[in-house]
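Step one of this worksheet: look at the structure below.
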Amino acid sequence: MITDDILYIGVNDKEIDLFEGQYMVPNGMSYNSYVILDEKIAVMDTVDHRKKDEYLAALDAALGGRNPDYLVVSHVEPDHASSIRAFLEKYPGVQLVGNAKTFPMLAQYFDLNFDAALAVKEGDVLTLGKHELHFIMTPMVHWPEVMFTYDSFSKVLFSADAFGKFGSLDAEEDWICEARRYYFNIVGKFGAPVQTVLKKAAALDLQIICPLHGPVLKDNLDYYLGKYQIWSSYEPESEGVFIAYASLHGNTACAANKLKEILTEKGCPKVAIADLARDDMAEALEDAFRYGKIVFAASSYNGSVMPFMEDFLHHLKGKNYQKRTVALIENGSWAPSANRAMTELLSQMKDISILDSSVTIRGALKDEDVQVLSDLADALLS
C-alpha cells in the first residue's frame with residue numbers, strides 16, 4: 001500500500017538473467033504498477049508479459065470487484081507495456097491514456113484500435129474524484145514517448161523509469177549501487193533531458209516517488225533527487241580513482257594491480273578496479289562515471305588495443321561520457337599501440353583531460369616501471 005487509496009500491484013521477476021538482453025541482474029527485477037482507487041479508477045502501467053498472470057491476479061484483488069476506468073501508459077517499452085493486450089482483454093471498457101507519441105509506438109507491438117484512447121499533453125489534468133492526475137512530458141528519459149504523472153492530492157510522482165534500479169523488491173541490497181548501475185546503463189546517455197525533468201520536479205510538492213522498477217521512495221527525497229542531479233550533469237560523485245584494464249598475458253593486469261596498491265599506499269580514499277574481460281561491463285561503466293579520475297590500462301593488439309578495452313570505450317562514448325581526468329597505461333613488447341588507439345577513442349568524447357604522464361610497459365613489469373607507476377599515481381593524486 002502506497003497510501004490509503006494508491007495500491008502497489010507490481011511483481012518480482014527472479015527468473016530473468018539478463019535485463020534488456022544484456023545487463024546481469026543476479027537479484028532479478030521488479031516490474032511496478034499501481035492502482036489509484038477513487039470515484040474513477042486509474043491503473044498506472046502494466047508489467048512485462050513474463051509476469052502477466054501474476055500481475056492480473058494482483059490487480060483483480062486490489063480492485064475488489066470494481067473495473068478500472070483508465071490505464072495510463074507512461075512508457076511503451078515491453079517490460080512495462082507488453083501486458084496491455086491481456087489487460088484490455090480482461091477489462092475491455094478501459095480507456096488508454098497516453099500522449100501523441102504513445103499510441104503510434106504501441107501500434108508497433110499490438111494490432112489494437114486506439115481511436116478511443118485519450119491523448120494528453122503537458123499540463124493536462126485527469127480528474128478521478130479527489131485525485132487529480134497532472135501529466136508531465138519527459139521525452140528521452142529514456143524513450144521519446146515517456147511521461148510522468150503527478151497526483152496532486154497524494155503528492156505522488158509516478159516517474160516511469162526514472163529513479164528505478166535493478167533487483168527485485170525483496171533483494172537485500174542498498175538502493176544506491178544498483179540504482180547507479182541502472183541509471184548510467186539505461187538512462188545515462190540522456191543527461192540533458194533528465195536535467196529538464198529535475199527542473200520540473202523541483203516545482204512539485206513531492207512526498208512519494210513511484211518508479212517502474214525498484215522500491216517506492218518516501219523518505220529523504222532530496223537524497224534521490226540530488227543523486228540524479230549529479231549523475232545527469234556528469235559530475236564525479238565520489239573521490240577516488242577507477243582502474244579499468246584489459247590484459248593479454250597477465251602483465252598489464254599486474255601493472256594495474258600494482259598501481260592500485262601504490263595509490264592506496266599514497267592515501268587515495270578509494271581505488272576501484274575492473275578486469276574488462278571478466279567483470280561485469282555494466283558495473284565497470286558505473287564506476288567510470290562514479291569517479292572523476294580514471295586509468296585505462298591495456299595491452300596492444302593487432303596494431304591497436306585489446307578488444308575488451310576498445311569495446312568498453314565505445315560503450316562509454318555511447319553513454320555520453322565526459323568531464324573526466326584520464327591516465328593511460330599500455331603494454332607492448334615490440335610495437336606498443338594501445339595508448340594511441342585509446343587516445344583516438346577518448347578524443348571523440350567531451351571534456352576528457354588525458355594526463356601527459358602516460359605509461360608504456362614492454363612485457364613484464366620491472367623495477368623501473370614501478371617507479372613510473374608511482375609517478376603516475378602522484379599525478380593522479382595532485
Side-chain angles (χ1 to χ4, degrees), residues 1-2 6-34 44-55 58-59 74-75 77-83 141-143 146 148 156-190 194 208-228 230-232 237-238 242 272 274 278-291 315 319:
M1 179 179 292
I2 312 304
I6 300 178
L7 306 182
Y8 177 83
I9 51 170
V11 295
N12 288 320
D13 184 352
K14 297 184 179 180
E15 289 76 45
I16 187 171
D17 59 340
L18 292 176
F19 182 68
E20 291 192 350
Q22 57 184 318
Y23 302 116
M24 291 189 291
V25 282
N27 291 324
M29 286 296 296
S30 69
Y31 310 123
N32 297 344
S33 176
Y34 310 88
M44 312 303 292
D45 292 287
T46 66
V47 304
D48 193 290
H49 72 281
R50 294 162 53 94
K51 294 292 182 178
K52 71 177 186 300
D53 293 337
E54 182 180 341
Y55 164 70
L59 172 58
S74 66
H75 187 17
E77 199 167 7
D79 55 318
H80 308 298
S82 59
S83 292
V141 184
H142 58 120
W143 277 28
V146 174
F148 290 1
V156 173
L157 181 67
F158 298 94
S159 62
D161 272 344
F163 304 101
K165 65 180 285 292
F166 295 123
S168 64
L169 289 187
D170 56 358
E172 295 183 2
E173 60 190 10
D174 291 335
W175 179 86
I176 184 64
C177 287
E178 286 295 67
R180 186 191 296 110
R181 186 167 74 99
Y182 177 89
Y183 175 87
F184 283 115
N185 285 278
I186 304 293
V187 188
K189 178 181 177 65
F190 306 107
V194 173
I208 300 174
I209 297 175
C210 291
L212 288 179
H213 296 293
V216 172
L217 307 176
K218 293 185 177 182
D219 300 317
N220 194 16
L221 295 187
D222 286 344
Y223 170 79
Y224 306 106
L225 293 165
K227 289 299 182 183
Y228 261 58
I230 294 170
W231 298 343
S232 61
E237 179 186 356
S238 301
F242 173 55
R278 294 174 175 82
D279 295 334
D280 176 20
M281 183 170 287
E283 188 166 342
L285 188 142
E286 170 201 343
D287 279 338
F289 278 97
R290 180 176 181 179
Y291 299 100
H315 271 68
K319 302 301 182 184

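The basis for the numbers below is simple: all heavy atoms, side chains too, and nothing from hydrogens, waters or symmetry mates. Quantities reported herein were computed from a predicted structural model and do not represent experimental measurements.
Without hydrogens or angle criteria, S82 side chain to H49 main chain gives a donor-acceptor distance under 3.5 Å. Checking side-chain atoms of S168 against main-chain N and O of N27 turns up a donor-acceptor pair under 3.5 Å. Remark: the backbone N or O of A282 is paired with a side-chain donor or acceptor of N185 at under 3.5 angstrom. Between the side chain of T46 and the backbone N or O of H80, at least one donor-acceptor pair lies under 3.5 Å. Side-chain N or O atoms of N12 include one that pairs as donor or acceptor with a backbone N or O of L169 at under 3.5 Å. Side-chain N or O atoms of H213 include one that pairs as donor or acceptor with a backbone N or O of S30 at under 3.5 Å. Put simply, the side chain of D174 never gets that close to the backbone of I176: no donor and acceptor are under 3.5 Å apart.
Pairing each heavy atom of E20 with each of H142, the nearest pair is OE2-CE1, 4.2 Å. Annotation for K218 and I2: closest pair NZ-O, 3.2 Å, computed over non-hydrogen atoms. Across every non-hydrogen atom of I9 and A58, the tightest pair is CG2-O, 3.9 Å. Among all heavy-atom pairs drawn from P211 and A162, the shortest one is CB-O, 3.4 Å.
Within 6.0 Å of atom CG in D170, more than 12 heavy atoms from other residues, nucleotides or ligands are found, so the atom counts as buried in its surroundings. Within a 6.0 Å sphere centred on CG of N220, heavy atoms belonging to other residues, nucleotides or ligands number more than 12.
Looking only at side-chain heavy atoms (C-beta outward), L59 and S33 stay at 4.5 Å or farther from each other. Annotation: side chain of E54 is not in contact with side chain of V47 (no heavy-atom distance under 4.5 Å). Counting only heavy atoms from C-beta outward, the side chains of I6 and V156 approach each other to under 4.5 Å. Under the 4.5 Å side-chain criterion, counting only non-hydrogen atoms from C-beta, K51 is in contact with E15. The closest side-chain heavy-atom distance from F289 to K319 is below 4.5 Å. Counting heavy atoms from C-beta outward, P215 and K165 have side chains that approach closer than 4.5 Å. A 4.5 Å side-chain heavy-atom check between Y182 and F19 finds at least one atom pair inside the cut-off. Residues F166 and P26 are not in side-chain contact: their nearest non-hydrogen atoms beyond the backbone lie 4.5 Å or more apart.
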Inset, instruction - Step by step, work out the side chain to side chain contact (heavy atoms under 4.5 Å, CB included) result for Y31 and R50. - result: CA-CA 10 Å; Y31 310 123; R50 294 162 53 94; 4.0 Å; yes

Legend entry - Derivation of the side chain to side chain contact (heavy atoms under 4.5 Å, CB included) call for D161 and V146: CA-CA 9 Å; D161 272 344; V146 174; over 6 Å; no

Inset, instruction - Kindly determine whether Y8 and N32 satisfy side-chain hydrogen bond (donor to acceptor under 3.5 Å, both in side chains), including the steps that lead there. - result: CA-CA 7 Å; Y8 177 83; N32 297 344; 2.6 Å; yes

Legend entry - Residues L217, W175; criterion side chain to side chain contact (heavy atoms under 4.5 Å, CB included); working and verdict: CA-CA 10 Å; L217 307 176; W175 179 86; 4.1 Å; yes

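Annotation: the span from Y23 atom OH to M281 atom CE amounts to 11.0 Å, rounded to 0.5 Å. One distance of note links OH of Y291 with CD of E286; it measures 8.5 Å at 0.5 Å rounding. Taken to the nearest 0.5 Å, the CG atom of L212 stands 4.5 Å off from the CG atom of D45. For the atom pair CG of D13 and CG of D79, the computed distance is 10.0 Å after rounding to the nearest 0.5 Å.
Salt-bridge annotation for R180 and E237: present, with a side-chain N of the basic residue lying under 4.0 Å from a carboxylate O of the acidic one.
Taking E77 as the reference, nothing meets the salt bridge (charged side-chain N to carboxylate O under 4.0 Å, His left out) condition, with sequence neighbours excluded.
Separation of the Y224 and F163 ring centroids does not fall under the 6.0 Å cut-off.
Partner of H75 under the ring pair (Phe, Tyr, Trp, His ring centres under 6.0 Å) criterion, out of W143, F148, F158: W143 alone.
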